Amino acid sequence: MARTKVVVDPITRIEGHLRIEVQQENGRIADAWASSTQFRGIELIMEGRDPRDAWAFTQRICGVCTVVHAVASLRAVEDALDIRIPANANLIRNLVHGMQFVQDHVIHFYHLHALDWVDVVSALQADPAGTARIAKSISPWPNNSETYFREVQDRLKKFVGTGQLGIFANGYWGHPAYKLPPEVNLLAVAHYLEALDWQRDVIRLHTIFGGKNPHPHFVVGGMASAINLDSTATINAERLTDIQDMIKRARRFVHEVYIPDLLAVAGFYKEWAAIGGGTGNYLTVGEFPETDVRDVGSYFLPQGIIVGKNLGEVLPYDHQKVKEYVTSSWYEYPGGDGEGLHPYAGETKAKYTGPPTPWQYLQDESKYSWMKSPRYDEMPMEVGPLARMLVAYASGHDGVQGMVNEVLGRLGVGPAALFSTLGRTAARGIETALIVDRMQTWLDELVDRVRNGDTATFTRDKWSPDTWPAEAEGYGYLDAPRGALGHWIKIRDGKIAKYQCVVPSTWNCSPRDPQGQVGPYEAALKDNHPLVDPARPIEILRTIHSFDPCMACGVHVLDAEGRLVTEVRVQ
Amino acid sequence: MTTSTKPPTIAEAVAAATPEYRWVLLWRWPLRVTHWLSAICIVTLTVTGFYIGKPYFTTWGEASAHYLMGWARFIHFTAAGIVVGAAILRIYWMFAGGRYASWRALLPVKTKDWVNLLKTVQYYMMVKQEEAPRYLGHHPLQQFSYTAIYTLVLIHVVTGFGMYGMSNPGGAIYALFGWVGPAFGGIQNARFWHHVLTWVLVWFIPVHVYLAFRADVMDREGEMSSIFSGGRFVRADVKFEDE
Amino acid sequence: MFYPSSHPWVEGETLGEHLEDRGVSRRDFLAFCAEMSAVLGVGSAMTPKVVEALQQARRPSVIWLQLQECTGCVESVIRTGEPTIGDLVLDVISLDFNHTLMAAAGEAAEAAKHTAMEENRGGYVLLVTGSVPLENDGMYLTIAGRTAREHLEEAAAGAAHIIAVGACAHWGNIQASRPNPTGAVGVSEIVRNKTVVNIAGCPPIADTVTATIVHILTFGRVPALDRDGRPMFAYGKRIHDQCPRRAHFDAGQFVEHFDDEAARQGLCLYRTGCKGPATFSPCPIFQWNTRTSFPIGAGHGCIGCTERGFWDQMTPFYERLPDLAGFGVERRVDMIGGAVAVGVTAGVAAHAVATGIHRTRQRKALPVVEQPAAGKEHDRG
């Protein structure tokens with residue numbers, strides 16, 4: 001049987017612009033191509049700027065992961081200039097980044113991912129009493145009443161009755177891949193709406209410490225928000241109480257809504273525990289330093305690498321083994337397409353060689369994406385919640401082992417089920433629960449320090465460029481909600497001489513490398529993956545969404561000589 | 001020589017008594033007022049301006065007990081208003097103030113003036129000093145530098161009002177000067193030039209004062225006093241380039 | 001907490017009936033309208049008109065294009081408002097196309113957009129986030145195999161109103177900053193025959209976006225705009241003139257370093273490079289994330305994100321003056337200026353000494369005369 005070429009562009013309910021092409025054969029995916037179709041060139045724009053401003057520039061790489069590029073940049077600059085931030089600043093950054101994880105993962109589950117599993121239209125047939133029964137059996141959440149679910153359902157009925165379906169128009173409703181009973185669909189729809197309000201509330205933690213969200217403000221050397229219990233303009237008891245209540249509400253929602261829903265939905269889709277595994281290599285740089293970022297042992301979630309699904313061994317991470325290839329990307333390296341460069345050396349020129357618009361297919365092109373192909377020790381690596389949970393699990397992290405085993409037990413599957421589309425989605429939930437609980441510990445420690453008289457949030461030691469060496473280079477990294485993130489900076493004469501980022505979605509969405517190794521998205525789509533109806537490619541959405549793509553993050557280029565612009569005009 | 005029936009002024013009396021000198025009136029009061037108002041205001045604007053740009057000392061305690069920046073800005077804006085008034089007077093005087101204050105004297109135009117510009121530069125470099133041309137009013141180098149200062153002041157006024165107008169986008173100043181931000185490619189660029197060009201004014205002051213004193217000392221013809229009294233005594237037998 | 005209504009919108013229902021069905025009392029509704037009137041700055045006299053307009057409104061179609069951007073503006077807008085009001089605003093419009101939230105993908109998504117555009121031709125509101133890259137024939141952003149420019153021109157043609165949300169759609173934002181490698185421009189550079197309302201900011205405050213939409217629906221026209229196409233009700237005043245720390249500015253009380261004693265007292269951030277004096281934005285008044293705080297409230301100066309060109313204009317963020325291309329001396333401008341002033345003064349002094357020496361030599365060269373004829377040797381030369 002001939003293969004059918006299928007294009008899904010745009011992939012919606014993600015950040016940014018992603019195109020997936022596959023070849024379908026006998027109801028399964030035979031081959032896959034992931035193309036990032038947007039390029040912005042932010043690193044190039046950063047050259048010659050003040051390194052203290054870098055966080056704001058890199059932050060604009062992504063408004064969904066609004067904290068992570070800022071913090072990675074701060075760490076890169078602080079590494080280059082050997083700045084050690086006060087303990088309070090580290091705790092505040094952990095709280096801000098922690099809430100980023102929690103809020104982002106919940107939004108991903110309900111607003112970006114849920115509609116792949118939940119049939120909104122089917123919820124119309126649900127018996128609200130049945131929904132309430134199910135809800136009460138899995139969670140003590142106070143809104144679990146029949147009246148409540150009936151209200152949601154009535155609202156939905158009338159909404160559908162207007163014929164103006166808005167964001168729900170043209171969904172793949174009624175697709176046989178939807179397996180949830182109407183009652184569970186109704187439960188999820190109700191929580192879809194509730195989560196919209198919940199996220200708006202808890203994200204205010206960013207506003208208190210950073211002034212706004214998206215894109216809260218940071219500062220090299222600590223945090224700008226001073227602590228003074230006796231001022232109206234600073235972090236005081238009122239603000240701390242607000243934060244405490246937010247964390248409380250966040251924990252309650254995660255434990256009483258998100259996790260029960262995740263388990264309830266997953267229970268109906270166990271076959272997805274054998275679909276969409278992919279590369280089998282996992283990388284995490286670890287996150288949440290509890291003393292100082294230089295003390296890797298203090299990270300709440302450990303650093304490490306797993307190769308070939310081998311949970312028996314966690315390899316150490318060495319950033320010198322990271323290389324980027326442009327074999328399948330619309331860039332040129334001085335040494336040609338076979339060359340791999342470390343980010344410190346990465347020198348790239350954009351060179352579009354694809355077809356003119358409108359495109360038919362990109363899969364026949366040798367180059368098909370704006371993403372580069374990062375490889376670790378020549379291997380493609382999956383990054384993200386699954387990588388973190390696997391490394392922590394294999395490293396013997398108590399909290400992770402306990403929670404993972406519990407979830408596996410509740411679903412009645414073994415650890416092998418983790419290497420899958422469902423495993424990715426489950427890992428995201430597990431880490432959300434662990435992080436939101438840990439946030440309470442960080443807040444308690446912050447309050448303790450303030451009680452003992454330590455209110456420092458910023459060090460001015462290396463603030464002035466006069467105190468900087470003429471040349472410096474730094475590496476800042478963190479594990480963002482979507483995975484391992486690295487920023488490399490070179491500073492010369494007080495200005496940014498070179499900036500390079502290797503971003504989670506670049507790892508995951510990377511195209512083919514010189515050895516023909518596909519990236520994790522592509523590998524997952526080829527791994528035992530169904531696609532029943534090419535016109536309604538819901539299975540593709542499930543696996544791609546399980547990675548939580550963030551395309552704006554993944555695309556970047558640097559050309560130290562500024563030749564990019566000329567090069568492009570020559571085109 | 002005057003033929004007035006009124007008793008002669010001291011200047012006239014002295015001129016009459018020493019026929020080898022004559023007294024010429026160069027700068028009538030509007031020009032002198034313009035000069036001194038501008039001088040005082042530019043110094044005031046510079047001092048307050050640098051404070052506004054970078055407040056080099058701060059106050060402590062209850063905010064309502066202090067108004068340091070407020071006063072700095074108030075004085076700055078008041079002085080700016082006076083400079084604008086002086087500039088308007090000066091512009092009027094370019095048309096009503098006679099040959100030495102005329103707009104025609106803003107820049108050298110004749111070929112002879114250009115040659116003289118070179119000679120004046122040589123004079124200050126102490127080369128071929130005997131060939132230096134003599135001017136009653138401003139010699140070409142002065143014309144150049146003073147007109148440059150007028151231009152600088154104009155840029156300061158425009159950028160200054162551009163920034164000032166932002167405090168009330170509904171107001172007349174903004175209506176008149178709202179174009180400044182976009183024209184400079186952003187109000188911050190206007191702020192930059194407003195700040196940086198102030199230093200040119202600062203550099204100008206010692207040069208200007210020195211050269212005025214120097215001329216007074218070297219020529220002994222009352223160059224310095226002319227900006228107070230309005231006129232100078234000059235040798236009766238010297239023919240000036242701009243007579 | 002969100003309490004969904006048992007009475008969602010039905011065919012032909014006006015907002016007034018709809019609210020009554022939902023158990024929103026007339027009093028609540030009037031309060032909402034009064035609040036919206038206040039947000040829009042139209043005054044309480046206009047409240048009855050807002051009431052009338054909203055009661056008769058059908059859910060108009062809104063198409064939201066996301067171009068070269070970071071999705072921060074969508075994230076901002078989903079943080080909008082108080083529960084009832086945010087909910088009402090969502091119910092007032094029919095969001096027919098939005099990448100981040102819509103269920104459909106690929107062809108089905110594009111089809112939903114085209115259906116909405118055809119059914120509402122000439123009547124829909126077009127929201128745009130993101131800039132349009134023009135270099136290299138627009139290949140720096142393609143969606144469904146077509147360039148951003150093609151998508152924008154197609155959607156703009158049938159739109160009744162066009163709202164550029166955020167700095168990217170406004171003027172190109174960070175990707176349009178030096179050296180603008182992708183040739184990014186804002187919406188108004190492409191759509192020249194229609195008014196483009198610019199909701200400035202990176203990102204803008206959610207309520208500014210929703211209030212603009214309500215204004216258009218209520219009054220049938222765009223709000224009054226400033227020189228840069230920004231609604232006056234939000235961008236009519238500078239941050240500086242609305243800042244809670246303004247009293248400290250006037251008093252001359254400044255933070256010099258983050259976390260110094262002045263910072264702990266909440267004094268003015270002007271010396272740390274705050275761009276409030278150059279930035280028109282409602283941050284101090286509307287505040288962020290359901291009125292929680294705003295950057296200055298969190299101890300960090302404003303970075304001027306509602307102003308065109310702010311990545312080049314307002315940087316370095318911690319300096320008062322911009323870093324003009326090729327200048328490179330901004331940080332030390334006063335040091336250099338002062339040094340030159342000293343140099344000039346020294347030069348003047350040197351010249352004076354040289355003049356003295358020169359003159360003495362000249363005098364010695366002159367023949368000695370008992371009674372010099374008046375002034376002869378004093379002539380220049």
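The figures that follow rest on heavy atoms only: side chains count, while hydrogens, waters and symmetry mates do not. These numbers were taken from a predicted model, which means no experiment stands behind them. Just so we're on the same page: letters track the sequence lines, and every chain starts at 1.
- Judged by distance alone, the side chains of Glu75(C) and Thr66(A) never bring a donor and an acceptor atom under 3.5 Å apart.
- Using a distance-only test at 3.5 Å, with no hydrogens or angles considered, a donor-acceptor pair links the side chain of Tyr172(A) to the main chain of Ala105(C).
- The residues Asp323(C) and Lys495(A) are annotated as salt-bridged, a charged nitrogen and a carboxylate oxygen being separated by less than 4.0 angstrom.
- For the residue pair Ser293(C) and Arg239(A), the shortest heavy atom distance occurs at CB-NH1, 3.7 Å.
- Within the 4.5 angstrom heavy-atom criterion, only side-chain atoms of Cys305(C), from C-beta onward, approach chain A.
- Looking only at side-chain heavy atoms (C-beta outward), Ser131(C) and Arg40(A) stay at 4.5 Å or farther from each other.
- Salt bridge absent: Glu256(C) and Arg460(A) never bring a charged side-chain N and a carboxylate O closer than 4.0 Å.
- Taking the ring centroids of Trp55(A) and His300(C), they lie under the 6.0 Å cut-off.
- The closest side-chain heavy-atom distance from Ile174(C) to Phe57(A) is below 4.5 Å.
- Counting heavy atoms from C-beta on, the side chains of Phe39(A) and Leu141(C) never come closer than 4.5 Å.
- Judged purely by atom type and a 3.5 angstrom limit, Arg49(A) uses its side chain to pair as donor or acceptor with the backbone of Trp311(C).
- Not one N or O on the side chain of Thr292(C) forms a donor-acceptor pair closer than 3.5 Å with the backbone of Thr207(A).
- Chain A forms the most heavy-atom pairs under 4.5 Å with one residue out of Gly266(C), Gly299(C), Gly106(C), Ala108(C), and that residue is Gly106(C).
- Inter-residue side-chain proximity for Tyr140(C) and Tyr352(A) is flagged as unmet; no heavy-atom pair is nearer than 4.5 Å.
- Residues Cys70(C) and His215(A) share a closest heavy-atom pair of SG-NE2, 3.6 Å.
- Proximity to chain A (any heavy atom under 4.5 Å) is shown, for Pro133(C), by neither the backbone nor the side chain.
- There is no contact between Ile296(C) and chain A, counting heavy-atom distances below 4.5 Å.
- Contact detail for Thr12(A) and Ala109(C): the closest heavy-atom pair is CG2-CB, 4.1 Å.
- The shortest distance between side-chain heavy atoms of Asp53(A) and Tyr318(C) falls below 4.5 Å.
- Looking at every heavy atom in both residues, Ala169(A) comes nearest to Ala104(C) through O-CB, 3.7 Å.
- Side-chain contact between Cys62(A) and Thr71(C): absent, with no pair of heavy atoms (C-beta onward) separated by less than 4.5 Å.
- With hydrogens and angles disregarded, a donor-acceptor distance shorter than 3.5 Å links the side chain of Asp259(C) to the backbone of Thr457(A).
- Between the side chains of Asn289(C) and Arg200(A), no donor N or O sits under 3.5 Å from an acceptor N or O.
- The side-chain heavy atoms of Glu15(A) and Thr100(C), taken from C-beta on, include no pair separated by under 4.5 Å.
- Taken to the nearest 0.5 Å, the CZ atom of Phe458(A) stands 6.5 Å off from the NE2 atom of His257(C).
- In this structure, the side chain of Gln38(A) engages the main chain of Glu69(C) through a donor-acceptor pair within 3.5 Å.
- When every heavy atom of Ala103(C) is checked against every heavy atom of Arg13(A), the shortest pair comes out as O-NH2, 2.8 Å.
- Looking at Glu110(C), only its side chain comes within 4.5 Å of chain A, counting heavy atoms on both sides.
- For the atom pair Asn170(A) CG and His114(C) NE2, the distance stands at 12.0 Å (nearest 0.5 Å).
- The side-chain heavy atoms of Gln68(C) and His17(A), taken from C-beta on, include no pair separated by under 4.5 Å.
- Nearest heavy atoms, Met139(C) versus Thr357(A): CE-N, 3.5 Å.
- With 3.5 Å as the limit, one finds no donor-acceptor pair spanning the side chains of Gln265(C) and Ser231(A).
- A salt bridge does not link Arg79(C) with Asp197(A): none of the charged nitrogens is closer than 4.0 Å to a carboxylate oxygen.
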